[in-house]
2 protein chains.
Amino acid sequence: MKTIADIAKMAGVSKSTVSRYLNGGSVSDTTKKKLERIISEQKYVPNTFAQSLKAKKTAMIGTIVPRLDSFAASQTMIGIDESLRSHGYQMLIASANQEIAREIEAIHNFARQKVAGIILMPAQITKEHISTFRDADLPLLLVGQQHPSFPSLIHEDYEAGRMMGEYVLNQGHRHILFLGVTERDIAVGMERKRGFQEALARHECRADYAETSFRMQDAMKTALHLLPQTEATVIVGATDNIALGLIKAAHQLGLRIPLDLSIAGFGGYDTTEIVTPALTTVTYNYLDIGKKAGEGIVQLVEEADWDLLTTSPVEISVRESVDKKKDTVYSITKETGSNEGT
Amino acid sequence: MKTIADIAKMAGVSKSTVSRYLNGGSVSDTTKKKLERIISEQKYVPNTFAQSLKAKKTAMIGTIVPRLDSFAASQTMIGIDESLRSHGYQMLIASANQEIAREIEAIHNFARQKVAGIILMPAQITKEHISTFRDADLPLLLVGQQHPSFPSLIHEDYEAGRMMGEYVLNQGHRHILFLGVTERDIAVGMERKRGFQEALARHECRADYAETSFRMQDAMKTALHLLPQTEATVIVGATDNIALGLIKAAHQLGLRIPLDLSIAGFGGYDTTEIVTPALTTVTYNYLDIGKKAGEGIVQLVEEADWDLLTTSPVEISVRESVDKKKDTVYSITKETGSNEGT
DNA sequence: CTGAAAGCGCTTACAG
DNA sequence: CTGAAAGCGCTTACAG
């Protein structure tokens, strides 16, 4: 491996001059040309460790995702990778594997590696997070959740909930069940539901609420329990995975979707188009939010400034899993055929 | 940030001693105790750049995946991450985004960053790959494809094909269509098909072969074309995504699965359990191969030695998408109801 | 525009 | 077991 000293010698200049050339400092045209030639001939690439050791900064951005195998995380990473690359930064990924402790640990590791900044996709923000952010003292961008003290980039969760509420109402449903998740997750557990509730509040209808976990299996179990009891004509899951669990449970109970029961979700995962019937959902733009996150952290790193809150738009994707009811009058009696469970 | 000099001063010893303590050299019990206390009190962590600059090695393993949003890649990364962590290494991820050029570029970048080793999941291995490997001169492990000159870790593709061939035969199918992919992909395009062919070769049956791409959309288009023409009673897609495309096309044509047509795939993606009917497939253990890859590269890095070829077992997952035919006699006439296309 | 020198925070023979 | 010294490959004031 060639070093800067080798190049300097070959060019007959000092290391300083080579370094200056490399970093865009003022160098005469003649030496610039010479250096350009020699460097490409020798395929010289500066040692990043030495650079970072001296300059005390790197071109790496640490990205902490809750898990590696979720549609949302994958798409967001793709977006981040893309925009970071275009700005000359490298994306480092750490998976927290759904554990808060590992999220904290990942922040420490990244800080120690002197990344230029951190993008974090948390499910919750605890005091421990806050204090870790504080003493990491690094540019930080939150994605998917917001916090008043840190730049945040979120999906329009409230809006998404509202859209879905209005949509099912418009389809004539008057007895609605929302299967949500813990309110400790502000974005999904609270905002999404709040938007939904407010849409329903403007109409005469009955709304029930239940809670389950993020895991499809759990949602299915909950649904197996709930479905035989409820008289709701539509069930809205707080995420597509929950909706998918609902569909599986409904299949198992011999319910026809959307004939006997309508189902909808949130997220726009690719799987929602594969299932039968295709799932009506609110589509989130994970790729977009990823790109914005990349831009954002670069700006935070280079200019130490970015909006405290940025949002990424959502849109409803109407497919086949929600039925149009003719009878739009509120009624407890179901009119869609009986529930012939297995 | 504290440096090793600070710690040395506080302990009243030299930097050398602190460094020796840190790296497991011989240090007296007394100073060992003292150092231990001071370091944890001061929360001292060595600067990785300085370490790497001097020691000329790092504890990072570069992992190059074809894409970030595939089930196979995600699971494999999870496995790699896990075993690397347990050995004190860090996983660095680069996505080639399906482009060979970016795969090559990623190898260069990792080499420049002085990673300890590289795990590569290629779709093909070109001469350009080989020459890049050669001058990167780094421990390298191939995952999912094999090459005679480099340690490789593969799924039992041939075996998988054989299993599936035998299974559909056992189910009484005698007219079979295999929807494969380009043979430039040795693992998927060649081996999987070869195993399948050899299983069929042992019985009297008719086998047709067609080709499509890896993308579900393409598979669906191909299927829309193929389905109305073929008289096969079962179609086997070379990947689950292809099988999923087949299912979608069959649905669109009004074919009932598995009543009118049986469908099977390879991979064991999580989505195969969600679709209706659940897909019969050969399940690959991506998590396992990921863990093995982690172990393997660590061994290559530390002992410069590992088997040239290691395999990860597969198993068939029988679900609902393949029908049992009563009539096991070869016959061109289908007996499963007519094809009432849309 | 250019160069000499100091220094970033470690590790590693070498001598004791 | 311990320390002084050199050096890894860069960057950055500083002086010219």
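Worth knowing before you read on, the calculation uses all heavy atoms, side chains too, and leaves out hydrogens, waters and symmetry mates. The sequence lines fix the lettering, A, B, ..., with proteins before strands; numbering per chain opens at 1.
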Rounded to whole angstrom units, what separation is found between the CG atom of B:Asn47 and the P atom of D:dG9? 16 Å
With a 4.0 Å limit, can you tell me whether A:Ser14 has a side-chain N or O closer than that to the phosphate oxygens OP1/OP2 of C:dT2? no
Distance in angstrom units between A:Leu53 CG and D:dC10 P, rounded: 12 Å
Selection from C:dT2, D:dC1, D:dG9 that lies nearest to any side-chain heavy atom of B:Ser28: D:dC1
Which one, C:dT2, C:dC8, D:dC8, comes nearest to the side chain of A:Ser26? C:dT2
At 4.0 Å (heavy atoms only), tell me whether A:Ser52 reaches a base, stays on the sugar-phosphate, or touches nothing. nothing
Partner of D:dG16 under the Watson-Crick or G-U wobble criteria, both distances under 3.5 Å, comes out as C:dC1
Salt bridge check, B:Arg37 against B:Glu41: does any charged N sit closer than 4.0 Å to a carboxylate O? yes
Tell me which of B:Thr31 and B:Lys56 sits closer to the 5' end of DNA chain D, going by the nucleotide each one is nearest to. B:Thr31
How would you list all residue pairs meeting salt bridge (charged side-chain N to carboxylate O under 4.0 Å, His left out) that involve residues 135-148 of chain A, not counting sequence neighbours? none
If we ignore angles and hydrogens, is there a donor and acceptor under 3.5 Å between the side chains of B:Asp185 and B:Gln145? yes
Can you measure A:Lys114 atom NZ to C:dC8 atom C1' for me and round it to whole angstrom units? 11 Å
Under 4.0 Å from OP1 or OP2 of C:dC10: is there any side-chain N or O of B:Tyr44 that close? yes
Find the distance B:Arg112:CZ to D:dC10:C1' and express it as a whole number of Å. 13 Å
Does B:Lys292 come within less than 4.0 Å of B:Asp288, counting only side-chain N to carboxylate O? yes
Parallel, tilted or perpendicular: rings of B:Tyr286 and B:Phe71 (30°, 60°): perpendicular
Salt-bridged, B:Glu36 to B:Lys32, with N to O below 4.0 Å? no
NA contact type, A:Tyr21, heavy-atom cut-off 4.0 Å: base, sugar-phosphate, or nothing? nothing
For A:Gln42 against A:Lys2, the heavy-atom pair lying closest together: OE1-CE, 3.0 Å
Under 4.0 Å protein heavy-atom contact, by nucleotide of nucleotides 11-16 of chain C - B base, S sugar-phosphate only: BB----
